[in-house]
Amino acid sequence: MDYSTDDRISFFEKVYAVVSQIPFGRVTSYGAIAAFLGSRQSSRMVGWAMNQSNRSGLNVPAHRVVNRNGQLTGKNHFGHPDLMQKLLEQEGHRIENDTIVNFEGVFWDPAQWLL
DNA sequence: GGTGTGACCAGCT
DNA sequence: AAGCTGGCCACAC
């Protein structure tokens, strides 16, 4: 496979593009990103993309992406289990029981990015 | 190169 | 009401 012959942007690339545009102090969900990219059922891949970006050392704010309940399901994939929560708290969020308080209030819909 | 699997989600039983 | 299943895409073995 030759990279230069493939003009299509992979699903992962789109995920990175969206996630990197999440504003400071806001969060979104895996499903919202997947739905925005046209594949509502690809939400699992979003999380996987985060995993890859983490290992690749890309500058992607993966801590701003949680599941639809506002729960920090991916915290174990950061260096330390408490790192994700700390990062969110630094952005002004409050975490209780691995869940973002007032999640809907700070939720950032990728569709809003288009406006 | 087939198969399994993963930081999810919604629908069905 | 709570558990199981299918689906999606990329990647490791």
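A note on names: the letters A, B, ... follow the listed sequences, proteins ahead of strands, and every chain is numbered from 1.
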**Report entry** OP1 or OP2 of B:dC8 under 4.0 Å from side-chain N/O of A:Arg40
**Finding:** no
Query raised in the report: Can you check whether A:Ser43 has a side-chain N or O nearer than 4.0 Å to OP1 or OP2 of C:dC8?
Result: no
Nearest to the side chain of [X] - [options]?
X	options	answer
A:Ser29	B:dC8, C:dC9, B:dC9	B:dC9
A:Asn54	B:dA7, C:dC9, C:dG7	B:dA7
A:Arg68	C:dA10, B:dA7, B:dA10	B:dA10

Report task. Give one of base, sugar-phosphate or nothing for A:Phe12, where a contact means two heavy atoms less than 4.0 Å apart. Result -> sugar-phosphate
Requested in this report: Determine the contact category for A:Asn67: base if any of its heavy atoms lies under 4.0 Å from a base atom, sugar-phosphate if only primed atoms, P, OP1 or OP2 are that close, otherwise nothing.
Outcome: sugar-phosphate
Nearest-angstrom distance from the residue atom [atom1] of [X] to [atom2] of [N]:
X	N	atom1	atom2	value
A:Met50	C:dC9	CE	P	17 Å
A:Phe11	C:dG7	CZ	P	17 Å
A:Ile100	B:dA7	CD1	P	18 Å
A:Arg44	C:dC11	CZ	C1'	13 Å
A:Tyr30	C:dA10	OH	P	19 Å
A:Met45	C:dA10	CE	P	9 Å
A:Phe103	B:dC8	CZ	C1'	12 Å
A:Phe36	C:dC9	CZ	P	17 Å

Report task. Spell out, yes or no, whether A:Leu58 and A:Leu87 are grouped together once hydrophobic residues are joined by side-chain heavy atoms under 4.5 Å, including indirect joins. Result -> no
Query raised in the report: Can you list every pair that meets side-chain hydrogen bond (donor to acceptor under 3.5 Å, both in side chains) and has a residue in residues 102-113 of chain A, with sequence neighbours left out?
Result: none
Requested in this report: Please tell me which of A:Gln52 and A:Gln41 maps to the more 5' nucleotide of DNA chain C, matching each residue to the nucleotide holding its nearest heavy atom.
Outcome: A:Gln41
Query raised in the report: Can you tell which of A:Thr73, A:Val27, A:Ile22 makes a side chain to side chain contact (heavy atoms under 4.5 Å, CB included) with A:Val65?
Result: A:Ile22
Determine the Euclidean distance between corresponding [atom1] atoms of [M] and [N]; express it in Å to zero decimal places.
N	M	atom1	value
C:dA2	B:dA7	C1'	23 Å
C:dA10	B:dA10	C1'	22 Å
C:dC8	B:dG1	P	23 Å

Query - Nearest-0.5 Å distance that lies between atom NZ in A:Lys14 and atom CE in A:Met45 - result: 15.0 Å
Query - Separation between NZ of A:Lys86 and NE2 of A:His63, rounded to the nearest 0.5 Å - result: 14.0 Å
